[in-house]
Number of protein chains: 2
Amino acid sequence: MSSNENPVPTVVPVKKKRLNRELVLSAALVLVDSEGLDALTMRRLGQELGRDPMSLYRYAANRAALLDGVSELVLNELAIFSDDPDWRAQLRRIAHDLRRLALRHPNVVPLLVTRPLSTPLGLRPLGTLRPLEQILSLLIDAGFTADSALHVYRAYYGYLYGHILNELQEFIVDPDENEALLRLGLHRLPPKDFPRLRALAPVLADYDGAAELDQGLDILLAGLAARLSLPEAPIQP
Amino acid sequence: MSSNENPVPTVVPVKKKRLNRELVLSAALVLVDSEGLDALTMRRLGQELGRDPMSLYRYAANRAALLDGVSELVLNELAIFSDDPDWRAQLRRIAHDLRRLALRHPNVVPLLVTRPLSTPLGLRPLGTLRPLEQILSLLIDAGFTADSALHVYRAYYGYLYGHILNELQEFIVDPDENEALLRLGLHRLPPKDFPRLRALAPVLADYDGAAELDQGLDILLAGLAARLSLPEAPIQP
DNA sequence: AACAACTTCTCTACGATGTAGACTGTAGCC
DNA sequence: GGCTACAGTCTACATCGTAGAGAAGTTGTT
């Protein structure tokens with residue numbers, strides 16, 4: 001009676017504020033970033049927010065929807081607009097932005113690449129589709145027909161996602177023991193069956209993701225530029 | 001006593017044979033192919049094999065290991081060797097093989113792209129590394145230095161995985177109502193924010209994965225061939 | 001045939017998870 | 001005040017992965 005009304009604040013940092021979708025999603029993102037996808041359970045997230053797990057269902061229909069929300073939230077960090085008239089420079093910049101985004105949220109990448117598999121294109125969250133639309137615009141403004149802009153987008157984004165997956169696979173262990181561990185791992189491979197791979201150990205050990213990405217883009221953009229200068233579409237005047 | 005020793009065969013099609021890893025994994029694959037990743041629970045797989053779920057732990061340390069096994073099993077379906085001296089033709093063929101593999105096992109693709117993220121390169125199952133080794137060989141034989149063969153491999157496989165993810169995203173719904181559903185979905189998009197995407201509805205509706213893949217490969221291989229003819233590595237005589 | 005050593009498979013049990021459904025509080029409005 | 005709508009909570013349940021102890025089956029030795 002003479003004690004404080006609030007039972008005991010214990011771990012909860014924030015006073016009980018009204019929840020909302022953004023709050024829930026960003027707490028979820030923090031959790032995923034710091035402890036991985038598996039740590040994102042309804043109970044745990046509820047605890048993190050100082051709320052009953054059930055309260056979350058007001059803001060996401062179920063766990064899968066929560067995951068989609070997180071993935072949308074991350075994609076929204078990507079800013080596309082820019083008036084740079086050089087479309088190749090733009091594509092390059094976007095590529096590096098996306099790469100950095102992925103490195104900032106490595107645990108979310110599996111969501112980015114697999115969640116859309118469960119949702120037909122038209123029904124995805126708008127945030128997810130915005131990059132697509134903006135890149136289409138960019139390409140069309142650059143002179144591609146709508147039709148081939150789509151194909152170019154696919155090749156471009158396909159490569160981008162592939163690169164990101166590749167890069168993340170290289171860097172789970174911390175860079176210090178990276179080389180040692182890597183060699184150790186490679187050492188396990190039968191020399192007869194994996195001569196090339198084993199010989200590449202030193203090269204594998206120092207991986208420069210940004211440079212790797214740029215090399216790939218060089219190839220891709222060169223190819224695209226060549227395509228642009230051709231009379232590619234029959235409708236084109 | 002007068003009845004058969006075997007209690008009741010009920011649903012079990014095969015007599016109780018001794019289990020082994022291959023049996024378990026291929027049953028798991030069948031399950032994943034037909035009902036999706038979520039259907040692959042230890043209990044369900046046990047039931048499918050007419051065994052106690054616990055018996056599975058003899059052949060896979062835990063569920064994650066089981067998933068890795070399935071993904072390795074699928075990758076083993078990919079045959080790389082071939083003495084075609086034209087490396088570009090080979091890369092093209094492998095790309096299409098992998099694409100078909102992915103279409104044959106769409107539910108496994110999420111595993112293929114995300115499971116390796118949890119395992120450092122050197123510690124992955126050998127089956128998973130074999131394609132890497134073989135493609136490296138192929139490229140080195142084609143005249144690339146070991147060093148740049150690795151970079152080329154990355155660009156190539158990166159694009160490949162990206163394409164596959166892209167393609168699978170287009171085709172979850174069945175082709176009949178595909179167009180309708182697609183339009184329906186797109187119709188939901190605010191016309192102001194998504195003019196390009198909406199306009200592309202008809203193009204989106206008839207997607208030819210193989211052709212798309214080939215276009216991307218055209219770009220990539222052209223770029224690579226150009227690179228090959230350059231004096232790329234200082235060590236090269 | 002009899003035993004022993006082993007591998008394989010089964011049983012039971014536990015803690016954790018997602019989520020349905022009924023309930024309790026709380027905020028705004030008349 | 002009383003009323004309505006919505007936010008948050010409580011309890012409960014089916015299902016999951018898997019630990020640990022034991023039963024059943026297989027194989028080798030004598």
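The analysis underlying the following values was restricted to heavy atoms, covering all of them including side chains, and did not include hydrogens, waters or symmetry mates. As the structure is a prediction and not an experimental result, all values here were calculated from the model. Lettering of chains follows the sequences in order, A, B, ..., and the numbering in each one begins at 1.
No donor-acceptor contact under 3.5 Å links the side chain of R18(B) to the base of dG25(D).
Side chains of H151(A) and E212(B): a donor-acceptor N/O pair is present below 3.5 angstrom, by distance only.
If you measure from atom OH of Y57(A) to atom P of dG8(D), you get 15 Å, rounded to the nearest angstrom. In this structure, M54(B) atom CE and dA23(D) atom P are separated by 18 Å, rounded to whole Å. Nucleotide dT12(C) holds its P atom 19 Å from the CE atom of M42(B), rounded to whole Å. One interatomic measurement links the two molecules: CG of L19(A) to C1' of dT26(C), which rounds to 14 Å at whole-angstrom precision. Rounded to whole Å, the distance from CG on D52(B) to C1' on dG20(D) is 13 Å. In this structure, CG of N62(A) is placed 16 Å from C1' of dT15(D), rounded to the nearest angstrom. Whole-Å rounding puts the L40(A) CG to dA16(C) P distance at 17 Å. For Y59(B) and dG17(D), the OH to P distance is 19 Å, given to the nearest whole Å.
Among the heavy atoms of the strands lying under 4.0 Å from R63(A) are primed sugar atoms or P, OP1, OP2 only; no base atom is included.
For A61(B) and R58(B), each mapped to the nucleotide of DNA chain D holding its nearest heavy atom, the one lying further toward the 5' end belongs to A61(B).
The CG atom of L132(A) sits 11.0 Å away from atom CG of L75(A), with the distance rounded to the nearest 0.5 Å.
Counting only heavy atoms from C-beta on, R51(B) has its side chain closest to dT10(C) among dT17(C), dC16(D), dT10(C).
The aromatic rings of Y153(A) and Y157(A) sit parallel to each other, their planes meeting at less than 30°, with 60° as the upper class boundary.
Electrostatic pairing of E72(A) and R124(A) does not count as a salt bridge here, judged by no charged N lying under 4.0 Å from a carboxylate O.
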